[in-house]
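One structure is given below, encoded as C-alpha cells.
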Amino acid sequence: MKKILILAEHKKGQLKKASLELLTAAKGQDVKAVIFGSDAQNAANDLAVKGVSVVAWVKDAKFDAYLPDAYAKVIEDLIAEHKPEIVLGSASSLGKDLIPKLAARLDAPIVTDCIEVQLDPAIKVRRPFYSGKAMASVEFLPAPLAFISIRPNALAAGEVSSTKGTVKETTSSFDFGASPVQFVRRTQAASDRPDLTEANIILSGGRSMKTKENFKILYDAADVIGAAVGASRAAVDEGLASHDMQVGQTGKTVNPSLYIASGISGAIQHLAGMRTSKVIVAINKDPQAPIFQKADYGIVGDLFQVIPALTEEFKKIKAKA
Ligand SMILES: Cc1cc2nc3c(=O)[nH]c(=O)nc-3n(C[C@H](O)[C@H](O)[C@H](O)COP(=O)(O)OP(=O)(O)OC[C@H]3O[C@@H](n4cnc5c(N)ncnc54)[C@H](O)[C@@H]3O)c2cc1C
C-alpha cells in the first residue's frame, strides 16, 4: 500500500469532478488530502466520506485565492509531516502551475497530464506526447517522493474506500505580507455552464461561425444536452469567442466523452487539445476536411442547417427520456 497525498480542488464548496477522479487512481491506498479555502468544508467532508483518512482543510480565507508560494508552503509542510510517497493532483490550470513547482522545489520526479495510472506496487503511468500523436508508458524509478498529475476526465469519479476519514483544520505560517506575489482580484466569466476541462460533452465552433451572434445556435444545442461550448483559435482570434473557450495546443486540453467539432478544419494544433476525447463528431461542409480523419462520426453539411436540426432531435430524445 502506498502513502498518497491528494491536492483536491473545489468550486464554491463542491468538490471538482477531476478531484473525485484522483480518488479512483488512489483507490485502496493510504490516502490523505489537502484542500484550500474558507468555503471548502463540504468538499472536505466529501473527501472524508469517500475514504480519505485525513483531510487537511486550510480554512484561512487568505487561502481562498490561489497564490502559488502560499499553497506550495502548505503542501511542503504536509509532505514533511506525512511523508507521502506520491503526490497526486489534476492537470487543471492550478495543477499545471503548482505540481511542477513543488516537484522542482523538492527535487522529485514528476509526470504530468497522465491518462492511465497504476500506483502499486510499481508506479506506472501513460501520457500523450507530441500533441497526442504518441503515447508514452513511463515507470518511475524508486524515489522517496513522486509527483503525478492526471488529465481531467481520463478516469471515472470514484472513492478510496468506504471507511470514513476525518477533516482536520490546518493553519499555515506562510507570511503573505512578505510574499512577492499578491492577490489583486479575480475576474470570472459569468457562466453556469460546465468548465471546458471538466465537461462531459463539448460542442465547439470554428471560424465558420462567422459572427459572435451565430454562436447562439451552439449555445442552444449545448443547453439541451448539458454541454460546454468551445472554439478553435481562428474563432477566438477573429473575436467570435473568448480566449477561455479555446481548445488546442495554445488553449485548453479537453477530454470529454463526446466532442462535437462544428465547422472546424482539424488543424494539428486543434487536435492537440481534443484528440483524446472518447467520441468525436465532426460537422463540416468539406468532405475532405482533415477533421474527418480523426472523427468517429462525420456529418458532411452546412452547420447552420445541421446544428439546429440536431438541437431539435436532442429535444425529442430528452422529451422521451
Ligand atoms: C503555434 C500555433 C498554435 C495554435 N494553437 C491553436 C489552438 O490552440 N487551437 C486551435 O484551434 N488552433 C490553433 N492554431 C491554429 C490552427 O493552425 C488553425 O489555424 C485553426 O485551428 C483553424 O481554425 P478553424 O478550423 O476554425 O478554421 P479553418 O481552418 O478556417 O476551418 C474552417 C472549417 O469550417 C468549414 N466550414 C466553413 N463553413 C462551414 C459551414 N457553413 N458548415 C460547415 N463547415 C463549414 C470549412 O470547410 C473548414 O474546414 C495554432 C496555430 C499555431 C501556428
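Fair warning: this is a prediction, and the values are worked out from it, not measured in the lab. Note that ligands are numbered from 1 as they come in the structure, with each ligand's atoms numbered from 1 the same way. Only heavy atoms go into these numbers, but all of them, side chains included; no hydrogens, no water, no symmetry mates.
Between L303 and ligand 1, an N or O atom pair is found at a separation short of 3.5 Å. Checked by distance only, ligand 1 and G206 stay at 3.5 Å or farther apart across all their nitrogen or oxygen atoms.
The atoms of ligand 1 that sit less than 4.0 Å from any heavy atom of Q249 are 7 (C), 8 (O). Atoms of ligand 1 found under 4.0 Å from any heavy atom of S208 (numbered from 1 in listed order, with element): 34 (O), 36 (N), 37 (C), 38 (N), 39 (C), 45 (C). Near T250, with a cut-off below 4.0 Å to any heavy atom, the atoms of ligand 1 are 3 (C), 4 (C), 5 (N), 6 (C), 7 (C), 8 (O). Annotation for ligand 1: atoms under 4.0 Å from non-hydrogen atoms of D302 are 40 (C), 41 (N), 42 (N). Contact atoms of ligand 1 toward V247: 7 (C), 8 (O), 9 (N), 10 (C), 11 (O) (distance under 4.0 Å to a heavy atom of the residue). Less than 4.0 angstrom separates some heavy atom of D286 from each of these atoms of ligand 1: 47 (O). Near G301, with a cut-off below 4.0 Å to any heavy atom, the atoms of ligand 1 are 42 (N), 43 (C). Atoms of ligand 1 found under 4.0 Å from any heavy atom of G251 (numbered from 1 in listed order, with element): 8 (O).
The closest protein non-hydrogen atom to atom 17 (O) of ligand 1 is Q269 OE1, 2.7 Å. With respect to atom 2 (C) of ligand 1, the closest heavy atom belonging to the protein is R233 NH1, 3.6 Å. Here the protein heavy atom with the shortest distance to atom 49 (O) of ligand 1 is N284 ND2, 2.9 Å. Protein heavy atom at the shortest distance from atom 22 (C) of ligand 1 is A234 CB, 3.8 Å. Atom 30 (O) of ligand 1 has R207 NE, 2.6 Å as its closest protein atom, hydrogens excluded (heavy atom only).
For T250, the side-chain hydrogen bond (donor to acceptor under 3.5 Å, both in side chains) partners at least two apart in sequence or on another chain are R233, Q246.
Aromatic ring pairs are classed by plane angle as parallel below 30°, tilted from 30° to 60° and perpendicular above 60°; the pair F176 and F63 is perpendicular.
With N153 contributing its side chain and A18 its backbone, the two residues share no donor-acceptor pair below 3.5 Å. Although no hydrogens or angles enter the test, the distance criterion places a donor-acceptor pair under 3.5 Å between the side chain of N214 and the main chain of M209.
Between M274 and S204 there is no side-chain heavy-atom pair separated by less than 4.5 Å.
Smallest separation of non-hydrogen atoms from V55 and A44: CG2-O, 3.7 Å. When all heavy atoms are compared, the tightest approach of I202 to A199 is CG1-CB, 3.8 Å. Taking all atoms of both residues into account, the shortest heavy-atom contact from G206 to L240 is O-CD1, 4.1 Å.
Under 3.5 Å, the side chains of T197 and D195 contain no donor-acceptor pair of N or O atoms.
Applying the 6.0 Å contact sphere to OH of Y297 captures no more than 12 heavy atoms from other residues, nucleotides or ligands.
With a 6.0 Å cutoff to the six-membered ring centre and a 45° limit on the axis angle, R127 counts as a cation-pi contact of F129.
Of all the listed residues (H270, Q246, H243, Q288), Q246 holds the heavy atom that lies closest to atom 7 (C) of ligand 1. Nearest residue to atom 29 (O) of ligand 1 from S232, A282, S265 is S265 (criterion: closest heavy atom).
A heavy-atom separation below 4.0 Å is not found between A231 and ligand 1.
Under 4.0 Å from ligand 1, the heavy atoms of A267 that appear belong solely to its side chain.
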